[in-house]
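One structure is given here, and the rest of the page talks about it.
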Amino acid sequence: MRKSLRKLVSMALMCGLFGAGAFAQTATVPTIDGDGTDPAWDLAATWPLEAIIDVSSVVDAADFSGDVAVLWSADSIYVRVNVLDDDLH
């Protein structure tokens with residue numbers, strides 16, 4: 001899993017989705033609980049999902065929207081994805 005996340009972030013950097021300084025370093029490991037409200041995330045810059053995936057067929061933000069945030073520590077990368085969708089499967 002860790003290797004896959006590093007690969008994802010590396011590919012995002014190479015494709016120009018994010019600048020090298022775009023990811024905030026954290027000394028506090030965010031709580032991994034599916035909630036995403038840990039104060040450690042306050043340091044992270046966020047990007048709308050539209051910056052990463054094609055959402056041209058979406059006509060309403062309630063239909064599909066969200067954001068991605070990335071933090072890193074000395075030995076880990078943390079990715080938080082918030083998604084809003086009116087039809088979850």
**Request:** Taking all non-hydrogen atoms of both residues into account, name the closest pair between Ala44 and Val70 and its distance.
**Result:** CB-O, 3.8 Å
**Request:** Any chance you could measure Leu71, atom CG, to Arg80, atom CZ, to the nearest 0.5 Å?
**Result:** 8.5 Å
**Prompt:** Partners of Val81 by side chain to side chain contact (heavy atoms under 4.5 Å, CB included), sequence neighbours excluded?
**Reply:** Leu49, Val68, Val79, Val83
**Set of residues satisfying side chain to side chain contact (heavy atoms under 4.5 Å, CB included) with respect to Asp42, sequence neighbours excluded** = Pro39
**Request:** Looking only at non-hydrogen atoms, find the nearest pair between Ile32 and Tyr78 and report the distance.
**Result:** CD1-CD2, 4.2 Å
**Complete:** For Trp41 and Gly36 the tightest heavy-atom approach is CD1-O, 3.9 Å
**Item:** side chain to side chain donor-acceptor pair (under 3.5 Å) contacts touching residues 23-33 (sequence neighbours left out)
**Value:** Thr31-Asp38
